[in-house]
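Take a look at the structure below.
In listed order, ligands and their atoms are each counted from 1. Just so it is clear, the model here is predicted, and its values are computed rather than measured.
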Amino acid sequence: MQILRNIAAARAALPSHASLGLVPTMGALHEGHLALVRAARARCATVVVTIFVNPLQFGPHEDLSRYPRPFERDCALLEAEGVDCVFAPCAEELTPAGEITFVDVPSIAARLEGASRPGHFRGVATVVSKLFHIVQPEFAFFGQKDAEQCAVLRRMVRELNFPVELVICPIVREPDGLAMSSRNVYLNAQERKQALVLHRAMQAMQAAFAAGERNSLALLYAGRAEFAREPNVQMDYLEVVNPDTFESASEATGALIVVAAKVGNTRLLDNAALS
Ligand code: AMP
């Protein structure tokens, strides 16, 4: 497995983009990331994983400096998965101070996660564009865990004519239902239990949907009741949205439940389809 630490090395080492799969990550890898790597490995001749904690997608008071960075461990995991290259540029090279060119997908990026984290999706779209230009993959693998990110990137790829096929992989969960996240390591034992309310709220909504309820407001009522029973968790949003536009959907069929909440100081996200 090659480790490429700068853009010139990546451009020189990587083959033409045919059958090249890219898996962008911020490291601190878990089974959710590895599921993307395995999907890429199954489909592509060459698999490149990027490890880059993207400063552009963090707000000024977020956890950029304390975000976990177990680089050696991550590389060992990726080597064991048969990854061909890890591209891990430094922030000074990939996102130098003073750059004035950004990629924005404003109508989607302004909603929900983007409303809570101004500039977040502009940072994501800009850096993913850079990675696409540098690595030139045929396929790029992303997790449904970050559903709004997927919607932003789908739209970006379509409208900017990137010759990349996005492959969206299902959410990988802990056995008790908590969606895997690099931020789960921040949770203490009590918070870890409280964090299950995100999954419980969505399950309550899915159960009401399965029982025939199609009105999103009624479903949200069931979901919010679960949060009311866990007062130590601060719900940021719980919505039923169109999975492409992220606009609220009054009719639930084919829509997506999206939720974000703060458990202690840790912000967690989750989502589930209504179908
Ligand atoms: P991150 O390192 O958090 O930026 O995530 C890198 C990629 O892994 C993104 O496409 C995420 O959506 C995906 N991912 C993170 N957690 C999960 C999970 N639990 N299941 C599936 N994909 C995930």
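- For an aromatic pair to be called close, the ring centres must be under 6.0 Å apart, and Phe162 with His133 satisfies this.
- Considering Gln57, His30, Arg173, Arg183 only, the shortest heavy-atom separation from atom 15 (C) of ligand 1 involves His30.
- Annotation: atom 20 (N) of ligand 1 to nearest protein heavy atom, Val172 N, 2.9 Å.
- Residue Pro24 touches ligand 1 through its backbone alone, judged by heavy-atom distances below 4.0 Å.
- Looking at heavy atoms from C-beta onward, Phe209 lies in side-chain contact with Arg214 at the 4.5 angstrom threshold.
- For ligand 1, one of its N or O atoms has an N or O atom of Met26 under 3.5 Å away.
- Where the criterion is an N or O separation shorter than 3.5 Å, residue side chain and backbone included, Ile171 fails it with respect to ligand 1.
- By the 6.0 Å contact criterion, CD on Glu93 is enclosed, its count of non-hydrogen atoms from other residues, nucleotides or ligands being greater than 12.
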- [ ] Go through the steps for Tyr67 and Glu62 under the test side chain to side chain donor-acceptor pair (under 3.5 Å), then give the verdict.
- [x] CA-CA 9 Å; Tyr67 197 84; Glu62 296 183 0; over 6 Å; no
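- Considering only non-hydrogen atoms, atom 21 (C) of ligand 1 lies nearest to Pro170 out of Ala147, Pro170, Ala140.
- A 6.0 Å sphere centred on OH of Tyr221 holds no more than 12 heavy atoms belonging to other residues, nucleotides or ligands.
- Geometrically, Arg66 engages Tyr186 in a cation-pi contact defined by less than 6.0 Å to the ring centre and at most 45° from the axis.
- Residue Val23 does not touch ligand 1, judged by heavy-atom distances below 4.0 Å.
- Annotation: His33 places an N or O atom under 3.5 Å from an N or O atom of ligand 1; distance criterion only.
- Nearest protein heavy-atom neighbour of atom 11 (C) of ligand 1: Asp146 OD2, 3.0 Å.
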Table please: side-chain donor-acceptor pairs of residues 96-109 below 3.5 Å, with sequence neighbours left out.
residue, atom, partner, partner atom, Å
Glu99, OE1, Lys130, NZ, 2.7
Glu99, OE2, Lys130, NZ, 3.2

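- Near Leu36, meaning under 4.0 Å from any of its heavy atoms, are these atoms of ligand 1: 7 (C), 8 (O), 10 (O), 13 (C).
- Residues Leu78 and Val37 are in side-chain contact: their nearest non-hydrogen atoms beyond the backbone lie under 4.5 Å apart.
- Numbered from 1 in the order shown, with element, the atoms of ligand 1 that lie under 4.0 Å from a heavy atom of Phe142 read 10 (O).
- Residue Thr25 approaches ligand 1 through these ligand atoms, each under 4.0 Å from one of its heavy atoms: 2 (O), 6 (C).
- In this structure, Arg11 fails the cation-pi test against Phe87, since its NZ or CZ atom is not both closer than 6.0 Å to the six-membered ring centre and inside 45 degrees of the ring normal.
- Gly143 N, 2.9 Å is the protein heavy atom nearest to atom 10 (O) of ligand 1.
- Leu4 and Val86 are not part of a single hydrophobic cluster, where members link through side-chain heavy atoms under 4.5 Å apart.
- Remark: minimum distance from atom 23 (C) of ligand 1 to any protein heavy atom is reached at Lys145 CB, 3.9 Å.
- Residue Met180 has at least one heavy-atom neighbour below 4.0 Å for each of these atoms of ligand 1: 16 (N), 17 (C), 18 (C), 19 (N).
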